[in-house]
S.K.: 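Here it is: the structure, laid out below.
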Amino acid sequence: MAIIAALAPPSLANQNKLPSFSSKIPVRMPTTLVFLQMCSNFQEVRQVHAQLVVSGLLDRPPNAGRLLQSYVTVSQIYHASSVFDRISCPDVFAYNNMIRGLILGKCPNNSLLLYNKLLLDGLKPDNYTYTFVLKACSQLSAIFEGRQVHCRIVKAGTAIDTHVHSSLIHMYSSSMDSLVCAEQVLAGFPEENTLAKNSLISGYLSQGEVEKAREMFDNMLEKDDASWSAMIAGYTKNGMSAEALGLFQKMMMISEVSPNEATLVSSLSACAHLGALDQGKWIHAYADKIGAKISVTLGTALIDMYAKCGSIEHGYEVFKKMPHKDLVAWGVIISGFAIHGQAEKCFELFDDMVANGTYPNEIIFVAILSACSHAGYVEMGYQYFYQMVHEYGIRPSIEHYGCMVDLLGRAGRLAEAEELIMSLPEKPNSVIWGALLGACRMHNDLRRGNLAFKHLTELGPMSGDRYKLAGLMFAKAGEKETATKIRKLIRENDLETTRGLSFIEIDGVVHDFEAGTINHSKYNEIYKMWGEGLIDF
DNA sequence: GTAGGGTTAG
């Protein structure tokens with residue numbers, strides 16, 4: 001609070017006089033306004049606000065705009081909005097900040113309304129206005145409104161800067177249909193604009209156009225950290241984790257820009273998908289080495305990586321060290337222990353979370369219920385389900401019912417599982433029937449298995465895996481004919497079935513082995529070692 | 001006087 005202690009008395013209002021002798025001398029700002037710019041949190045802004053009121057400085061419209069801006073930078077949108085409402089004739093600066101604030105406050109539709117009000121007021125939008133409004137359009141996937149903004153820019157003959165250029169591309173690439181417009185906008189701007197190209201790369205990646213993105217990335221003259229980060233994140237999102245990790249390694253080796261937090265987070269996510277523990281550990285060590293603060297985001301990504309790579313203890317260490325834990329962090333650690341079958345730890349963490357004042361959401365309950373299911377805790381599952389509905393007012397989704405069917409089914413309580421399915425408020429989906437089918441195969445219940453199978457086929461094209469499961473069930477129950485029929489069906493329709501995959505990591509290289517196949521490059525050597533009794537399958 | 005691209009739980 002050093003800033004506040006040093007605050008000048010209200011009489012400073014008099015210093016707000018422009019020096020009349022020379023315009024070259026910088027304008028002396030009232031100290032209160034200087035402090036306003038230095039504020040970094042809500043408390044400080046509020047106190048300077050009080051000073052502005054007392055000193056009468058707030059009566060000057062530009063100062064009210066500055067205060068509004070400060071509330072926006074500390075994300076206090078409610079306060080920003082009340083300042084805005086008191087300005088009788090807001091200028092473009094005030095509008096821009098309020099529009100931005102509404103986007104920050106997750107109300108992009110309100111920022112579009114405000115933009116219209118700005119136009120009605122007869123004000124002329126500038127590049128800042130366009131940047132913010134286009135961002136709102138992107139968030140809403142409002143291509144129609146975005147196009148109107150674009151038309152206005154062209155009609156008004158505004159000279160757009162790199163930010164507006166990039167925002168236009170971002171807006172057009174928020175929908176597959178207008179991706180071509182994004183390409184045209186990029187082509188219409190002659191200079192190299194890294195910002196704009198980054199936008200198009202992430203646009204391509206969000207629409208699954210991985211190759212186009214990579215081509216653009218490879219041809220870029222000036223790649224910045226965001227370019228690498230967008231490409232790595234895009235690979236991960238499109239299920240190409242090996243490529244993501246490969247690109248991260250390339251970045252570390254050849255690129256002059258160093259990875260930022262988002263790059264590390266995306267790369268950790270790739271490690272989690274691949275089970276690449278050594279790589280993940282390396283990234284952890286690297287983050288420590290460069291002195292990166294383990295933020296909630298980075299910490300959460302680390303926990304998730306350790307949990308998915310089979311090292312929940314390391315994940316738990318990271319979790320315990322995190323000074324601030326949000327709902328996602330709790331969710332990651334709880335599902336981590338759920339994956340590892342440690343249901344008791346999940347229950348304990350759930351209680352800690354509630355005691356910490358964090359309110360569970362539906363995803364937390366999916367994790368808890370799946371923990372119950374894997375550990376066979378039927379009564380606990382019922383208890384949490386009841387608690388979710390009656391204490392937390394969360395309406396159970398089809399995923400929750402799926403967990404319950406799985407829980408009852410695995411425990412062999414198939415009659416209850418069937419009863420639950422019949423009482424569902426919505427139409428059971430393939431996850432529900434699939435869970436029942438799996439349980440029926442486990443407990444040799446042919447009647448209910450048949451029922452699940454029938455529903456699954458009615459629900460549309462079924463995966464090869466489901467047919468395979470059904471086939472196994474019928475075969476086990478002695479229904480040879482049906483089993484043969486299903487096997488034939490899989491073969492004739494060329495239905496793919498996924499096989500169990502296992503990964504091992506040796507010297508940082510991830511090797512995958514598919515059950516029942518021989519396709520590893522070092523197969524002969526491995527086979528020889530096995531023959532010699534050096535390794536065991 | 002204002003701006004950004006990238007991220008984590010089933």
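Convention: sequence-line order gives letters A, B, ...; per-chain numbering from 1.
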S.K.: Between A:Tyr316 and A:Lys345, does any side-chain donor sit less than 3.5 Å from a side-chain acceptor?
M.R.: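 Yes, a side-chain donor-acceptor pair sits under 3.5 Å.
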
S.K.: Check the distance between B:dG10's C1' and A:His400's NE2 and give it to me in whole angstrom.
M.R.: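 After rounding, the gap between these two atoms is 8 Å.
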
S.K.: At under 4.0 Å between heavy atoms, what does A:Ser266 touch on the DNA or RNA strands: base, sugar-phosphate, or nothing?
M.R.: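 Sugar-phosphate, backbone atoms only, no base.
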
S.K.: Output the rounded distance in Å from CZ (A:Phe385) to P (B:dG10).
M.R.: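 Roughly 19 Å, once rounded to whole Å.
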
S.K.: Regarding A:Asp406, tell me which of base, sugar-phosphate or nothing describes its non-hydrogen contacts under 4.0 Å with the strands shown.
M.R.: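 Touches nothing.
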
S.K.: Measure from the side chain of A:Thr300, starting at C-beta and using heavy atoms only, and say which of B:dA3, B:dT8, B:dA9 lies closest.
M.R.: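 Nucleotide nearest to A:Thr300's side chain: B:dT8.
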
S.K.: Consider the side chain of A:Lys308, meaning its heavy atoms from C-beta on, and name the nucleotide among B:dG1, B:dG10, B:dA3 that approaches it most closely.
M.R.: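 Ranking B:dG1, B:dG10, B:dA3 by closest atom to the A:Lys308 side chain puts B:dG10 first.
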
S.K.: What's A:Asp91 touching, base or sugar-phosphate or nothing? Going by heavy atoms closer than 4.0 Å.
M.R.: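 Base contact - A:Asp91 has a heavy atom under 4.0 Å of at least one base atom.
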
S.K.: So A:Ser199, base contact, sugar-phosphate only, or nothing? Heavy-atom distance under 4.0 Å.
M.R.: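 Answer is nothing: A:Ser199 stays at 4.0 Å or more from every strand.
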
S.K.: Hey, is the side chain of A:Ser370 poking within less than 4.0 Å of OP1 or OP2 on B:dG10, counting only N and O atoms?
M.R.: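 Negative; the distance criterion is not met.
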
S.K.: With a non-hydrogen cut-off below 4.0 angstrom, is A:Phe132 in contact with a base, only sugar-phosphate, or nothing?
M.R.: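 It contacts base atoms.
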
S.K.: Of the candidate nucleotides B:dG10, B:dT8, B:dG6, which contains the atom at the shortest distance from the side chain of A:Ser229?
M.R.: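 Closest nucleotide among those given: B:dG6.
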
S.K.: Among B:dG10, B:dG6, B:dT2, which nucleotide sits nearest the side chain of A:Ala230?
M.R.: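 From the listed options, B:dG6 comes nearest.
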
S.K.: Pick base, sugar-phosphate or nothing for A:Leu369, based on heavy-atom distances below 4.0 Å to the nucleic acid.
M.R.: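 The residue A:Leu369 makes no contact with any strand.
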
S.K.: Ignoring the backbone of A:Asn361, work out which of B:dG6, B:dA9, B:dT2 is nearest its side chain.
M.R.: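 Side chain of A:Asn361 sits closest to B:dA9.
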
S.K.: If I take atom NE2 in residue A:His163 and atom P in nucleotide B:dG1, what distance separates them, rounded to the nearest angstrom?
M.R.: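 Result: 16 Å.
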
S.K.: Using atom NE2 of A:His170 as one end and atom P of B:dG6 as the other, report the distance to the nearest whole Å.
M.R.: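 After rounding, the reported distance stands at 5 Å.
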
S.K.: Picking from B:dG10, B:dT8, B:dT2, which would you name as closest to the side chain of A:Val366?
M.R.: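 Ranking B:dG10, B:dT8, B:dT2 by closest atom to the A:Val366 side chain puts B:dG10 first.
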
S.K.: Any idea which of B:dG10, B:dA3, B:dG6 is nearest the A:Ala262 side chain?
M.R.: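 Nucleotide nearest to A:Ala262's side chain: B:dG6.
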
S.K.: Tell me: CD1 of A:Ile160 to P of B:dA3, nearest whole Å?
M.R.: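 So the two atoms are 19 Å apart, to the nearest Å.
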
S.K.: May I ask you to check whether over 12 heavy atoms, not counting those of A:Glu211, lie within 6.0 Å of atom CD?
M.R.: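 Incorrect, the count does not exceed 12.
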
S.K.: For A:Lys197, answer base if it contacts any base atom (sugar-phosphate contacts may also be present), sugar-phosphate if it contacts only those atoms, and nothing otherwise; contact means non-hydrogen atoms under 4.0 Å.
M.R.: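 Touches nothing.
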
S.K.: Give A:Asp304 one of three labels, base, sugar-phosphate or nothing, depending on what nucleic acid heavy atoms sit under 4.0 Å from its own.
M.R.: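 Result for A:Asp304 = sugar-phosphate.
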
S.K.: Using whole Å, what does the distance between atom P of nucleotide B:dG6 and atom CG of A:Leu205 come to?
M.R.: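 It is 10 Å, rounded to the nearest whole Å.
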
S.K.: Are A:Lys223 and A:Phe217 in a cation-pi contact, defined as NZ or CZ under 6.0 Å from the six-membered ring centre and within 45° of the axis?
M.R.: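 Yes.
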
S.K.: Can you figure out which of B:dG1, B:dG6, B:dT8 approaches the side chain of A:Asn260 most closely?
M.R.: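 The answer is B:dG6, which lies nearest to the side chain.
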
S.K.: Look at the side chain of A:Val328 and decide which nucleotide, out of B:dG1, B:dA3, B:dT8, has an atom nearest to it.
M.R.: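 That would be B:dT8.
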
S.K.: Please say whether more than 12 non-hydrogen atoms of neighbouring residues, nucleotides or ligands are located less than 6.0 Å from NZ in A:Lys321.
M.R.: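 Counting other residues, nucleotides and ligands, NZ of A:Lys321 stays at 12 neighbours or fewer.
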
S.K.: Starting at atom CG of A:Leu349, determine the distance to atom C1' of B:dA9, rounded to an integer number of angstrom.
M.R.: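 Taking atom C1' of B:dA9 as the reference, CG of A:Leu349 is at 13 Å.
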
S.K.: Indicate the atoms forming the closest heavy-atom contact of A:Gln207 with A:Ser173, along with that distance.
M.R.: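 In terms of heavy atoms, the two residues are closest at NE2-O, 3.0 Å.
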
S.K.: Got a sec: does the CD of A:Glu348 have more than 12 other heavy atoms crowding it under 6.0 Å?
M.R.: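 Count over threshold, so yes.
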
S.K.: What's the CD1-P distance between A:Ile363 and B:dT8, to the nearest Å?
M.R.: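 Checked: the CD1 to P distance equals 12 Å.
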
S.K.: Indicate, with a heavy-atom threshold strictly under 4.0 Å, whether A:Ala233 touches base, sugar-phosphate, or nothing.
M.R.: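 Sugar-phosphate, no base atom in range.
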
S.K.: With heavy atoms under 4.0 Å as the rule, sort A:Gln69 into base, sugar-phosphate or nothing.
M.R.: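 The answer is sugar-phosphate, as A:Gln69 gets under 4.0 Å only of primed atoms, P, OP1 or OP2.
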
S.K.: Taking any heavy-atom pair under 4.0 Å as a contact, classify A:Lys223: base, sugar-phosphate, or nothing.
M.R.: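 It contacts nothing in the nucleic acid.
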
S.K.: Have a look at A:Asn127 and say if it touches a base, only the backbone sugar-phosphate, or nothing, with a 4.0 Å heavy-atom cut-off.
M.R.: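 Here A:Asn127 touches no strand at all.
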
S.K.: Would you call A:Glu243 and A:Arg214 a salt bridge, using N to O less than 4.0 angstrom?
M.R.: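 No, this pair does not count.
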
